[in-house]
Every structure is written in C-alpha cells, then in structure tokens.
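See below for the structure under consideration.
Here, residue 1 is the first one in the sequence, and each next residue gets the next number.
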Amino acid sequence: MVSSKTAATTAPSGKKTTGQRLSRANRSSYFARREAAKVLQTVLHGDTKRRAVGSIKSLVYSPSVRNKKATFALVCQTLKYLSIIKDVLDSARVLNAKWKRQEGLMYIIAYDILFGQEILPVGDAEKFLLLQKDAIQLALARLLVRKKVKRVEDLMDLYQIPDVSKPRYVRVNTLKLDVESALHELGRQYQVQKDDMVPDLLILPPGCDLHDHPLVRNGSVFMQGKASSMVAVALGPEPGWEVLDACSAPGNKTVHLASLMKGKGRIIACELDDERVKRLGDTVRLSGATSILSLAFDLCSNVFLHGDFLKLNPMDPSYSKVHAILLDPSCSGSGTTAERLDHLLPSYTAGDATDVAGTERLNKLAAFQKKALEHALSFPAVERVVYSTCSTHQIENEDVIKSVLPYAASHGFQLSTPFPNWPRRGLPLFEGCLNICFEQIQSRTKRVSSLLCSSKRALPEAWNSQSV
C-alpha cells in the first residue's frame, strides 16, 4: 500500500524529494529489498540451470549481507508467493525490457505491494511498480476469479505451495557449556526441551532465528539438525580414542565427536576442498576443540588434517590406533530440502525436484560412496564404522550398503543397530536392512542412513549392544 502521507525526502541515493528525511526503518527496508533481490536472482538462476551456487540460507547469511533477518524473510516470502507473483505480473503486462532484466527486484517489490508491508516510493524500482499498483492488484483479483477462489490462501493451495515447518534443533557444545546452563539461557526467550534420544540436543519452536544469539556466536551451541546430530552418537567414540572423520567439512559432526570424547584423544579430519577446509578450521576454533582436533597449519600440536581420505594408506602406522571412522560422504543432498528451503524453489513446486540430481550423477555418487565405505572398512585396527548420507535415494543408501556387505564380512564386520528404539528404518531389501535408520520430516525424508559396522575381532560383547 502507498502511504497517503507525504513521502520522505531523502532517498538512499541521496536525491531529495519533499517532506522529511527517510526514517531509519524505511531506509533499512530499501536496502533489505536490494540485498534480497541479489540473493533471489542468484537462487533463481541456479535453480534454472540446476546448478545452485549455494542454499538460500548460505547466501543470506554470507558476510556481504548486512540485514540478514529482513533479507531472509523477504526472500522466503517472495519465493513462497512467486508463482502467483509471476502470473500477476505477466497478466498485468507492466514490465518493460529494462525491468525484466531486474526480475529479482521486481518480484521482491511486487510481493511487498501485494502481500507484504506498506512501502514508499524511495527508489526508481519502487516508484515504477507503485505507479502500476492498480493494474497489479486488478490482475490479482482477476486471477482469483479465473481460478474460482475467493482468497489468496485458497489460491496458494491450488498452486501446491508447500508449508514445511519443523522444529529448530540446537546441539549444546559440552566442551564449552553444560546442557542445563544452555536450557536456562535459551529458556529466557524460547520454549526449550531436551531431545529424547540424542544427548545434548535441544528442541526449540519452528522459526526461531538464533544466528545472532550469543551462545551461537561464541560456539556454546551449534545449530545442527537431529539427523546430523545422530551420526556422531551412533559412532559412540570414547574419550582417549583415535577417530577418523573421512569427509569432515563443514565440521559440525567433527566437533560433535570431540565433544563426545570430552576433548581427550585424537581426531584425524579429511577434507579435499580448500574453501571447505577454511570453514572446517573456523568451526573447530569456534568449538574450542583445537586441543583434540586442529588443522595442520595451526599452532596446536594435535593438528591432523589430510586432504583425500581415499589416498590414506590403511597399513600406515600413523593409523594403527584408529578405533572408529565416521564416513559422511558427498551425496545428492536430496534429504535436506527442508533445511535448504528447496521446497520454495520453482523446480520443486513444479514437481521435478526428484530429477534435479539426474541418474548419471546419482550413479557416480553411489560409486564413490561404495569405494569410500570399502576403504573405511579396510583399516586393520578399526572397530566401528558409521556411514551416513542426507539423501532420500535408495541408490545412495540401501544399495550402497548391500553392495559392501560381502566385503565387510570378509574383514570381520557385521551390521549393528543404531538407535534400536527409532521406529523408521531402511527398505526391506536385504537381511539386516532394519539396521538402517532415517529421520522423516513430514512428507520429506532426511536419512541418517547409518551403517554401523562392529568388528568381530577382539571386541567385548557389550560393545555391540552399546553401538546404538
């Protein structure tokens, strides 16, 4: 809606109009729309090419975005209504060639005009669309009539725009803070409860934005989903062990291992990508885990970073004391649609989200996953291996596990049952498939798809029962 009051006088470009100076809120909204437009443009371009530069969250929470909260809200809400906004703008025929080249900004402003907050004509783009406001609103009214609905909510149901809502999980980093203290601090602002299965995991209501919370910023708690948090617990490392994290960046699972080991022992982290190595280093330093796990270019003596896990020689004496291996390899990521907000993307709402990865890519990923899992099973002293993915595809989960079972048996391994009380298990494709567990979020699945293999060699009987 356009304000009936006199518009503020100084636009963000510094050009004067009439009246008083822009309020801080209006100025902030102006820049938030520009930041949101850049993110939206990047997301839509990646979705069209099926080659995403990053998730919505990673783009919004990059250092270059200043007003993260407002930008995130604008991007998500605009994507939620995007199909309707596109139909309205096409029907109204208000965009010329110049503004079509800035479609991201047009979509953001159109959202505010149709469904969002009252905006002022403080920029050229806002002025242009506000002049077309009547035509845009008329196009929306005609769309409602054409679709035979009376409300926008009913229109959204017709467009099958999903509303995926899930709790906010945070894992307490017990290297820095105990669970009760975290409960007390977070409970000042939110309703918080403990997870009934994963130690140190807390559950908050959906929509809690904790990115700027002091406990998150100082590494006392990590924003980490339940499925992700299940993996290190499934491995069950003990203080003093040597553990190998085969594909470690960005490092949440790595530092979770350090927390479970109470900062005692040695963790060998493997990561190929240089940029991801930097992020891993940041995570390790934030967690306070540098005494047990740090990077080879840091100051601490326990710095053990290796690039390519597949190039490690299992017979090298350096790994003769490795008790356990966590293998969370590259995968399609098809199970993280809720976290990445992929359900808001045009390709997802069009119904072709399952085709994004492509059969050829899935086959290549599965081949790599099998090779990596067999390599993990070949370390002579290893007693436990956990294999996990964030994929919904059978080819990356049950099929990979089934393919390595003969090899695992030849090295003295057997399937163990992670989280025996967890009700959702693997597909009934082979004997032992119920040892696989996964987490289901509404109609979408995120698998923790853990293959926990326990060595038969010199293992106390109790260890198999402890290998949750």
Side-chain angles (χ1 to χ4, degrees), residues 52 55 224-225 227-235 237 243-257 267-277 279-280 283 293 305-314 319 322 324-337 339-340 356-379 382 384-405 407-408 411 413 415 418 426 435-439 445-453:
S55 67
Q224 187 170 348
S228 175
S229 301
M230 290 166 72
V231 178
V233 176
L235 190 64
V243 177
L244 196 156
D245 188 353
C247 305
S248 52
N252 282 355
K253 298 181 185 71
T254 314
V255 298
H256 192 185
L257 291 171
I267 298 176
I268 302 168
C270 298
E271 179 54 51
L272 267 174
D273 186 84
D274 289 341
E275 287 301 315
R276 288 171 64 82
V277 166
R279 188 173 176 187
L280 170 61
T283 303
L293 187 157
L305 179 80
H306 297 270
D308 191 345
F309 168 64
L310 292 177
K311 291 183 179 179
L312 298 188
N313 180 2
Y319 313 117
V322 174
I325 294 179
L326 190 157
L327 176 61
D328 186 59
S330 298
C331 70
S332 64
S334 54
T336 59
T337 55
E339 285 82 356
R340 292 201 314 255
V356 173
T359 303
E360 183 178 352
R361 178 170 178 255
L362 286 175
N363 286 333
K364 288 181 178 179
L365 284 168
F368 164 74
Q369 291 154 359
K370 177 185 176 182
K371 186 177 181 180
L373 184 50
E374 288 182 341
H375 191 59
L377 294 166
S378 69
F379 283 71
V382 166
R384 301 181 190 177
V385 175
V386 164
Y387 169 74
S388 68
T389 75
C390 53
S391 169
T392 62
H393 298 297
Q394 175 185 323
I395 190 174
E396 296 181 271
N397 294 301
E398 287 89 350
D399 290 356
V400 168
I401 294 173
K402 183 180 179 180
S403 70
V404 305
L405 287 179
Y407 184 86
H411 284 69
F413 285 90
L415 281 170
N435 295 77
I436 305 170
C437 64
F438 60 91
E439 180 191 8
T445 304
K446 176 178 180 180
R447 298 193 173 204
V448 76
S449 186
S450 298
L451 167 64
L452 186 57
C453 302

Quick one: does [X]'s side chain get under 4.5 Å of [Y]'s, heavy atoms only?
X	Y	result
H393	D399	no
H375	K371	no
L244	L312	yes
C247	L327	yes
L235	V243	yes
T359	I395	no

Exercise. Partners of P250 by side-chain contact (heavy atoms from CB on, under 4.5 Å), sequence neighbours excluded?
Worked result: R276, R279

Contact summary for [X] and [Y], nearest pair of heavy atoms:
X	Y	answer
V382	V385	CG1-CG2, 3.6 Å
P237	A232	CD-O, 3.5 Å
S378	H411	CA-CD2, 4.0 Å
E396	S391	OE1-OG, 2.5 Å
V386	A234	CG2-C, 3.9 Å
I325	A376	CD1-O, 3.5 Å

Problem set entry | Derivation and outcome, side-chain contact (heavy atoms from CB on, under 4.5 Å), residues F368 and L310 | CA-CA 10 Å; F368 164 74; L310 292 177; 3.8 Å; yes

For this session: Give the C-alpha distance, both sets of side-chain angles, the deciding distance and a yes or no for side-chain contact (heavy atoms from CB on, under 4.5 Å) between V404 and Y387.
Result: CA-CA 11 Å; V404 305; Y387 169 74; over 6 Å; no

[X] side, atom [atom1]; [Y] side, atom [atom2] - distance, nearest 0.5 Å:
X	Y	atom1	atom2	value
L365	E360	CG	CD	11.0 Å
D328	K253	CG	NZ	4.0 Å
L373	Y407	CG	OH	9.5 Å
F309	L272	CZ	CG	11.5 Å
N252	S229	CG	OG	8.0 Å
R384	L326	CZ	CG	12.5 Å

Exercise. Any donor-acceptor pair under 3.5 Å linking the side chain of E271 with the backbone of A249?
Worked result: yes

